[in-house]
Amino acid sequence: MADYLPHTDEDVAAMLAFLGLQDLDELFAAVPAAMRLAGGLDLADGEPEPDVLARMDAFARANRAADLLCFAGAGAYDHEVPPVVRALAGRSEFVTAYTPYQPEVAQGVLQAVFEYQTMVARLSGLPVANASLYDGASALVEAVNLGAGASGRQTVWVSSGVHPHWRGCLRTFSRGSGHQILEIPLAGGVTAWPGDTAVAPGAPGGAAGRPPGAAAGGPPGVVVVAYPNYLGCLEDLAPVRRLADAHGATMVVAADPVAAGILRSAGEWGADVVVGEGQAFGTPLSFGGPYLGLFCCTTAQVRRLPGRLVGETVDLEGRRAYVTTLRAREQDIRREKATSNVCTNQTLMAVTAAVQLGWLGTGGLAEVALRCARGTRYLRDAALAIDGVSPLTGSTPVVRELALRTRPPARTVVDRMAAEGFLAGVALADLVGDDGDGSVDADGAAHGLLVAVTERRTVEEINGYLVALDKAVRQ
Amino acid sequence: MADYLPHTDEDVAAMLAFLGLQDLDELFAAVPAAMRLAGGLDLADGEPEPDVLARMDAFARANRAADLLCFAGAGAYDHEVPPVVRALAGRSEFVTAYTPYQPEVAQGVLQAVFEYQTMVARLSGLPVANASLYDGASALVEAVNLGAGASGRQTVWVSSGVHPHWRGCLRTFSRGSGHQILEIPLAGGVTAWPGDTAVAPGAPGGAAGRPPGAAAGGPPGVVVVAYPNYLGCLEDLAPVRRLADAHGATMVVAADPVAAGILRSAGEWGADVVVGEGQAFGTPLSFGGPYLGLFCCTTAQVRRLPGRLVGETVDLEGRRAYVTTLRAREQDIRREKATSNVCTNQTLMAVTAAVQLGWLGTGGLAEVALRCARGTRYLRDAALAIDGVSPLTGSTPVVRELALRTRPPARTVVDRMAAEGFLAGVALADLVGDDGDGSVDADGAAHGLLVAVTERRTVEEINGYLVALDKAVRQ
Amino acid sequence: MNPNAQAEAHAPGGRAQSAPLMGRAGEPTIFELSEPGRRSWQLRTTGVPEWSAEELLPEAHRRVTPVPLAEVSERDLVAHFTRLSHRQFSVDLGAYPLGSCTMKYNPKICDTVASLPGLAGVHPGAPASTTQGWLALLVELEEALCEVTGMAAVTFQPAAGAAGELTGLLLVRAYHEARGEQRRRVIIPDSAHGTNPASVTLGGYEVTTVPSDARGCVDAAALRAVLDRDVAGIMLTNPNTLGLFEEGIEEIASAVHDVGGLLYYDGANLNAILGVVRPGDMGFDIVHLNLHKTFATPHGGGGPGAGPVGVSARLVDFLPGPRPVRVGQAAHAGAAADGTTAGGRYGWAAPPRSIGRVHSWHGNALVLARALTYVLVHGGDGLRRVAERAVLNANWLRARLSSTYDVPFDRPCMHEVVLAASTLKSRYGLRALDVAKRLLEEGFHAPTIYFPLVVDEALMVEPTETESLQTLEALAEAFERIAAGVAEEGGIDAARAAPRTTPVGRVDEARAARTLIPTFDARGTGGAARAG
Amino acid sequence: MNPNAQAEAHAPGGRAQSAPLMGRAGEPTIFELSEPGRRSWQLRTTGVPEWSAEELLPEAHRRVTPVPLAEVSERDLVAHFTRLSHRQFSVDLGAYPLGSCTMKYNPKICDTVASLPGLAGVHPGAPASTTQGWLALLVELEEALCEVTGMAAVTFQPAAGAAGELTGLLLVRAYHEARGEQRRRVIIPDSAHGTNPASVTLGGYEVTTVPSDARGCVDAAALRAVLDRDVAGIMLTNPNTLGLFEEGIEEIASAVHDVGGLLYYDGANLNAILGVVRPGDMGFDIVHLNLHKTFATPHGGGGPGAGPVGVSARLVDFLPGPRPVRVGQAAHAGAAADGTTAGGRYGWAAPPRSIGRVHSWHGNALVLARALTYVLVHGGDGLRRVAERAVLNANWLRARLSSTYDVPFDRPCMHEVVLAASTLKSRYGLRALDVAKRLLEEGFHAPTIYFPLVVDEALMVEPTETESLQTLEALAEAFERIAAGVAEEGGIDAARAAPRTTPVGRVDEARAARTLIPTFDARGTGGAARAG
Ligand SMILES: Cc1ncc(COP(=O)(O)O)c(C=O)c1O
Ligand SMILES: Cc1ncc(COP(=O)(O)O)c(C=O)c1O
């Protein structure tokens, strides 16, 4: 029997005596007897830590994926996380603290989050960032809620270039919020916005010819686009801003925060809200979580901002201090009037991102982005020379990720390359399903392979990948 | 170019200007030009951290020993080090502090060492422990220095049951100190002390019949014995105390601190000085270092104590505080009159030991010792049933380690068992050389295998070991 | 010159002069420590051709000036965040009796588990054949949580309790809709946590609040009065936020079920009843767990958590997907596999009538690995001990402090006790807030204050099972000292000036909201300004 | 009741009430936090038969009562040591300009390296065929250190600088003895570190001290006066402990060599000359390095360090053994292999005339792995930058502070500068000790004080290269504030009362020595008593 409980038998006896109780069961007198669990939980008895560690290690060893050289992306990237970032973000004061409800003893977390907010706001080109949401998808859901609230309209036009899982979440949550989600298809890797002449001159319904009908909810209150989109393509955001302006809609950009290191900022493109997945900043791949939802907006929208916000203030003696602010937006005060239900969020990942961005600094972030783009270009040029590999998105410029079409089904390619030691990428069918969606058709889903090259991949690794890819598509 | 230097080019320029210098070379004007390194160091240019980490990782992966199930001991043991101990002892405040010269800002290290001293003193049965020495061997060297100083005589009788490497260090340093080191041989695994009637009734020279001659320096000023000795055997310490009393010598016991959890304490046996290797308390095997020299003595000898000592005191307001004390023993004050030259020691390992002993507590230490003894007994009983394996030390009781005689040379057995995934133990020839020494003869050196079983070894692992051993001795 | 004033003086490269360890010096922001040209980053040598941005990107997309971040040396980075950590209270430093938050000890072994490369280094989009360890781990955890809650299946996607609530409400909706029913209302007690009504609203339902009765439980009559076939369900936590067990839970359950509604269990307080009674056995249909509370995964200063949702058999088909399953069970759990299951005993399966995804991937996986570790170390026997000791500790504090503070519902509590400062307030003007700030001075974290809303000047104290009797005694003495102190000459002024020994003194929260400074760039602009 | 007083009140289970973060509360010892029956430990389930101690051990050897240690829960263990860590200054918290100690930033990557299981998990007695990685690592480090020092070979056994010194002196002895010479004296300058004379004594030599001249260097005439054929060697550090380069090193070297003596280089100050000039090129025969200084391995609150010793060609055969070698070189380095070299490119070899072992095993191996990491990240170019910046920083401080403090030898310094408070002392009574304590209040660690002994009221300041110009400015301002403050009304009293913002105030060192309390058990006994 091993646990973390300090109570000796004597302690328990003394405490029961103090309470005038005979035994521990009496503590649960209020629980109707019939309901109580008779024989205890049907779980094995506790095991000592070293045995448990061995078991957990066995799970870990059973994950072959951890040993594969990672060329997968799709929103989760194998970026450098240096020992210094792990050491600092792992300090137990950050790890074992609660939400900073008592600012006098929580300046550490509060200041780190304040710095995080500043960094993320600078990245986005917008003036306000919150203290984190669960992940990119939840940030997008919140952005749509904000946008619909701001515009007063529930119709949401979402580019199919937005990550399929994020669109899935939007659909799921729209069941509660009542938003009308319209997914705008891609053509050649970029969104075919309906009615935007700059996109599809002369065609009222846009290039894809599938205009959202009037039945679908009328003019959009929110327009959502990804930059770059999930296939890695760089879309022109000017038409999106025009669309939003034309309809008085909120423009939401789901931006890749690493690519932002070399791309024009979403704020500059005119975004009202910028969301993103912050995993790339110091958080390991982690089988998908905990990750970090980035969320930025304009000052005008700050009172609709979901989640926590840290602001600077002073203490009674006038010393600089930080505190969570605009608490009225949160649920603990106005309850059903809250802008969102988020309470526990991903603060530790935000602190981690602050440390990682502190480590990268101005030059490092640009360098990481540039190196990703270089690796992607290098791999793309060579891959397209392979017989059996073609581009899935034409010649649209890509930045840190690209979609290839492989002659065999992409899932087969992934399996074959796993045997060679590579995580080849993500098969599009795993993201969009076998039938495809507005981003790719069924053939694209079956043969589309999404490949990401981060700054960690050496030319030897990429060359090895190309050899294995060549083999996998020929087989 | 990557390093940890904060200086921007502008900083350097401004600082040089402030100093009225033209360039950095001028800083070294005092260095005779002819002596200066012309082309710079003939070392490769710096590499970025991730590249270096990959190189260091390659070294690590080249150590097959790390993957072998460890049955080796010989003073370095594979004990449980739980995550909590690593987390606490690894806190950067402990790791990146210097020697606590300014007690007002070093109470953390000072109190931890004070607690360590208390724990180690309790273990040894003596009232004073210092704040660590380099390792077991250096602690022994210091103990002999103390003993010789206390007795005023330089002749040192050392049981050959003391770890061969430690005896080697004693010999090395005796060249400086001028001590006469006499190694007393073992018989049947225990020391054959000369002239002790309880050991060898009637025989003036003791059982081994090799009395240290008068030429060897006369009566001992220091007597050294190991408990258990390096072959795992439990020696009777009463005759050693009698010897020491008879000659007015200092009795030094090199005690295994884990076995101390179930053994009569060296203090109870009458030791004047107790030394030991503290690696077992929270420090990994580490290819032999950094380890931890334990050192305890009587109050009477405290002013001869080598190394650092922390004492309790108060601050100006009367609050409890800790400080390094009796500094006059150290070199920074009396210099050539210092009791030893130790300055930097192994404080972090002492802090680690305090955490580990805090984690073990009264019950845990006893349990670890008991489990080691059980595993040793279990392995011994089964191993001796194997054809080709016999005891090297007869039926002398052993506690946490035992010496077997294997039919093939022990080095061969170790090599064969490594191929099966076991670190079978330490071949005695690797400790004492091919010719043997006072502890084992040449045959014992060639065929002696020292095996340790810690509390981490399961019965399945031991059974696997026995199967492999059986195979290795038959082959 | 006071050290903090120096920190205020913005100089490039900052004033990196050391430690809050020493007194109450401020810490500059990393932006103030920054000097152009300094760097920490080091990246791999890759050998990839060094094309310029111009060669790689069309001009319209190219950033003209780099994102302005801080530029510091690694040494300053380390010192900055280490100093910040010294300005932060945490469980590892001392008792944290924050009610409703279950700030128990977070075992260090879980940090080790969460950093195993075989777990932390796995891409979430890797094929199932290469992630068998993760899938097996999740299936094992699901089975354990089913046993603990009495539910039939669990989804791991929700990233926190509130996400679990909303997921649960969407399950409620899907369930009713599948039966062709459109219900509009969800009932919650007035003592409920704020996330409950917020989730109800986001779930597209209207909130109907029921009051608490004199014993601190749901007022049964009031509940019956609002129950009808428009009610989709009720959300309860039991023990409730007053730390009291809802004794009438059986009747509540049958009343709600009678009108066709579902019962949702807010698992924030599950710590009180682990191994004693299960939500499923109380009649609940849906349960969320806060693994960061009951299962000791650390809160991380506000997150991450994990809010898995368990459901009874009739709701399994609606769960979010894909879900990790044993391959033999895939058919049972839903046919349309999302992702390959080839080459392994575990795979993914989408429930047939799934509400869809509620997370970018599979949930907060590393938090889940921590939770399984916790479950395995404790086992069935240990989890029950957890509840017993948690309840014992809370009752000891209740009994000890009931003569000093008000105990609005003075009967045996479960894992937490809600005290109140109402008498101290009316007598001396001492508010719950002042008690909280004084406790900080005493070296303890404060309890939760002003919650639940139904208690005036509430002090919600949850000691948790990992605090020792001695710590409880020390905490009780601190509470008593605070009450005694306010009765002394000048006592109330001292209390209002508290805390005076913390890294900063009492913080002006109103000013933060009035003049919003959400970023370093908004400083001196009189509030948030549009940044570059 | 003041929080510290509570800590003083010994109660079983202690008063675990939180954090020194809050004000200046004391921390009880772990023995006061202990309560019988509590535990943290958890050990593997082994299945080994559970024989009792009685069955395993003869009675005479059996312990009757268990060793009394503390008994605490893991939660209290964590809180205790975390709180202790908050009572400890460290490089990671701020500037640590402790002269002679080279408290530079310790890169975090080295912690990662030192905890690689493939390095940390290797038994030192494992056969060489299974430790090829370690052997290769050591050989690579040896080659790098040979290049840095200009030596022919290096032994890694010495665990710290002082151990290196003694090893070096035994090499000196072995060298002379091999030539049939018995020399008795070793020369050291009066500015030398205390370990030098102590090592000389332990090495069996007599110390002959030579004075420093007016420029802070070895007085050449005085040196010549004591040189004769009885001199075994001289120990020097260059730059010396005054931070000054011994300009006459060439003459010193030839003078000592002329009488057949050897030159020993105390490497504590090597940081100043990395890549600029090498001890070997200055004429030294033996060099120890303090890897914990120059090569940034952390000091650990007093250790571990590593003190490898490099020697010139004529001393290689005397080095301690066995030594890691490339297998092809084994013959060259010494024939008698100790340990097997089978199955690998690296092995062990004992030098033919080895002085023997100076360590239980192979030295502080994990410290060595850290040092190699540091060398590889910096490379040849980076090591030179280290020296340049270290010297630049020290000179900047010297120039800046020379108008406020005495600079006994006011000429360009190397990596550290020795200031003095002599004028402030004679004018206001401000001692070096007071300056040190005031600096603690200012948030900096103090410099080394009262060393070297040849300077009155010495303040030995070594900023190191990892501190930024801004930190130097802040440090200089603090020094200046201290000097200005003492000139004010009441200034000297305030200085003598310093530090007032640290975890404890000025500590009574004299009392500690007078009434020795070296263990918790000696408390209240009026000093150390014989424990059970
Ligand atoms: C009673 C109760 N319900 C729900 C929640 C929300 O859980 P989470 O913060 O994990 O989203 C909390 C958290 O504080 C709570 O205490
Ligand atoms: C000049 C000098 N020599 C020698 C030493 C001794 O080195 P170590 O402490 O590593 O034994 C020191 C350490 O402070 C030193 O500064």
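In what follows, every chain begins at residue 1, and chains take the letters A, B, ... in the order their sequences are listed. Because the structure is predicted, anything quoted here is derived from the model rather than measured.
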Under a 4.5 Å cut-off applied to non-hydrogen side-chain atoms, are D:W51 and B:R377 in contact?
yes
Quick one: pull up CH2 in B:W359 and CZ in D:R39 and give me the separation to the nearest 0.5 Å.
9.0 Å
So with a 6.0 Å cut-off around CZ of B:R36, is the heavy-atom count from everything else above 12?
yes
Go through the atoms of D:L169 and report whether side chain, backbone, both or neither lie under 4.5 Å from a heavy atom of chain B.
neither
Part of B:S138 lying under 4.5 Å from any heavy atom of chain D
neither
Restricting to non-hydrogen atoms, name the atom on B:R456 and the atom on D:R44 that form the minimum distance, rounded to 0.1 Å.
O-NH1, 3.0 Å
Side chain, backbone, both or neither of D:R173 within contact of chain B (heavy atoms, under 4.5 Å):
side chain
Would you say D:L366 and B:P290 make side-chain contact, with heavy atoms under 4.5 Å?
yes
B:T344 (side chain) donor-acceptor with D:G305 (main chain) under 3.5 angstrom:
no
Nearest-0.5 Å distance that lies between atom CD in B:E367 and atom CG in D:L43
6.5 Å
So for B:Y98, is it side chain, backbone, both, or neither that comes closer than 4.5 Å to the heavy atoms of chain D?
both
Restricting to non-hydrogen atoms, name the atom on D:T29 and the atom on B:R320 that form the minimum distance, rounded to 0.1 Å.
CG2-NH1, 3.4 Å
Is chain D contacted by the side chain of B:V12, its backbone, both, or neither, given a heavy-atom distance below 4.5 Å?
both
Between the side chain of B:S177 and the main-chain N/O of D:L202, is any donor-acceptor distance below 3.5 Å?
no
Heavy-atom distance under 4.5 Å to chain D: side chain of B:A44, backbone, both or neither?
backbone
Under 4.5 Å between any side-chain heavy atoms of D:T46 and B:E455, yes or no?
no
Heavy-atom distances under 4.5 Å only: say whether B:L263 touches chain D with side chain, backbone, both or neither.
both
Could you tell me which portion of D:V200 (side chain, backbone, both or neither) has an atom closer than 4.5 angstrom to a non-hydrogen atom of chain B?
neither
In terms of heavy-atom contacts, B:N341 and D:S199 come closest through ND2-OG, 2.8 Å
For the side chain of B:Q117 and the backbone of D:P518, is there at least one donor-acceptor N/O pair under 3.5 Å apart?
yes
Check each atom of B:V310 against the heavy atoms of chain D and say whether the ones under 4.5 Å are side chain, backbone, both or neither.
backbone
So for D:M282, is it side chain, backbone, both, or neither that comes closer than 4.5 Å to the heavy atoms of chain B?
both
Within-4.5 Å side-chain heavy-atom neighbours: B:D11 and D:S468
no
Closest non-hydrogen atom pair between B:P32 and D:E250, with its separation
CB-OE1, 4.0 Å
What I'd like to find out is whether the side chain of B:E49 reaches to under 4.5 Å of the side chain of D:T373, using heavy atoms alone.
no
Sub-3.5 Å donor-acceptor pair from the side chain of D:D381 to the main-chain atoms of B:G46, do we have one?
yes
Hey, does the side chain of B:R122 reach the backbone of D:P68 with a donor-acceptor pair shorter than 3.5 angstrom?
yes
Heavy-atom distance under 4.5 Å to chain D: side chain of B:L316, backbone, both or neither?
both
Please classify the contact of D:R384 with chain B as side chain, backbone, both or neither, using a heavy-atom distance under 4.5 Å.
side chain
Determine the minimum heavy-atom distance between D:V67 and B:G261, stating which atoms define it.
CG2-CA, 4.3 Å
Give the minimum heavy-atom separation between B:A137 and D:H359, together with the two atoms involved.
CB-C, 4.5 Å
Using modelled atom types only, decide if a donor and an acceptor are shared between the side chain of B:E312 and the backbone of D:I517 within a distance under 3.5 Å.
no
If we only count heavy atoms from C-beta on, is the D:H123 to B:L68 side-chain gap below 4.5 Å?
no
When the 4.5 angstrom heavy-atom criterion is applied to B:T172 and chain D, the contacting part is both
Can you tell me how far the CZ atom of B:R61 sits from the CG atom of D:L116, to the nearest 0.5 Å?
8.5 Å
Using heavy-atom distances under 4.5 Å, tell me whether D:F81 contacts chain B through its side chain, its backbone, both, or neither.
both
Donor-acceptor pair, side chain of B:T313 and main chain of D:R511, under 3.5 angstrom:
no
Which region of B:R457, side chain (C-beta onward) or backbone (N, CA, C, O), has a non-hydrogen atom less than 4.5 Å from a non-hydrogen atom of chain D, or is it both or neither?
both
Side chains of D:P412 and B:L27: does their closest heavy-atom pair fall under 4.5 Å?
no
I'd like to know whether B:T325 forms a side-chain contact (heavy atoms from CB on, under 4.5 Å) with D:L516, so could you lay out the CA-CA distance, the side-chain angles of the two residues, the decisive distance to 0.1 Å, and finally the verdict.
CA-CA 8 Å; B:T325 191; D:L516 180 65; 3.6 Å; yes
Taking the basic N atoms (NZ, or NE/NH1/NH2) and the acidic carboxylate oxygens, is any pair closer than 4.0 Å for B:E104 and D:K437?
yes
For B:D78, is it the side chain, the backbone, both or neither that has a heavy atom under 4.5 Å from a heavy atom of chain D?
neither
Check each atom of B:L309 against the heavy atoms of chain D and say whether the ones under 4.5 Å are side chain, backbone, both or neither.
side chain
Just checking B:F287 against D:H362, ring centres under 6.0 Å apart?
yes
Counting only non-hydrogen atoms closer than 4.5 Å, does B:P397 touch chain D with its backbone (N, CA, C, O), its side chain (CB onward), both, or neither?
side chain
Is there a donor-acceptor pair under 3.5 Å between the side chain of D:S360 and the backbone N or O of B:D135?
no
With a 3.5 Å distance limit and no angle check, can you tell me whether B:N63 reaches the backbone of D:G118 through a side-chain donor-acceptor pair?
yes
Can you tell me which portion of D:L56 sits under 4.5 Å from chain B's heavy atoms? Options are side chain, backbone, both or neither.
both
How many angstroms lie between CG in B:L357 and CG in D:L69, if you round to the nearest 0.5 Å?
5.5 Å
Partners meeting side-chain contact (heavy atoms from CB on, under 4.5 Å) with D:E147 (sequence neighbours left out):
B:L41, B:D42, B:L43, D:R278
Would a 4.5 Å heavy-atom cut-off, applied to side chains only, mark B:R411 and D:P127 as touching?
no
B:F18 portion near chain D, given a 4.5 angstrom heavy-atom threshold:
side chain
Partner chain D: residue of B:E277, B:R171, B:R175 with the largest heavy-atom pair count (under 4.5 Å):
B:R175
Please classify the contact of D:L119 with chain B as side chain, backbone, both or neither, using a heavy-atom distance under 4.5 Å.
both
For D:I30, does its backbone N or O pair with a side-chain atom of B:E115 as donor and acceptor, under 3.5 Å?
yes
Given that the side chain runs from C-beta out, which part of B:L360 has a heavy atom under 4.5 Å from chain D: side chain, backbone, both or neither?
both
Measure the spacing between CG of D:D92 and CZ of B:R91 and express it to the nearest 0.5 Å.
10.5 Å
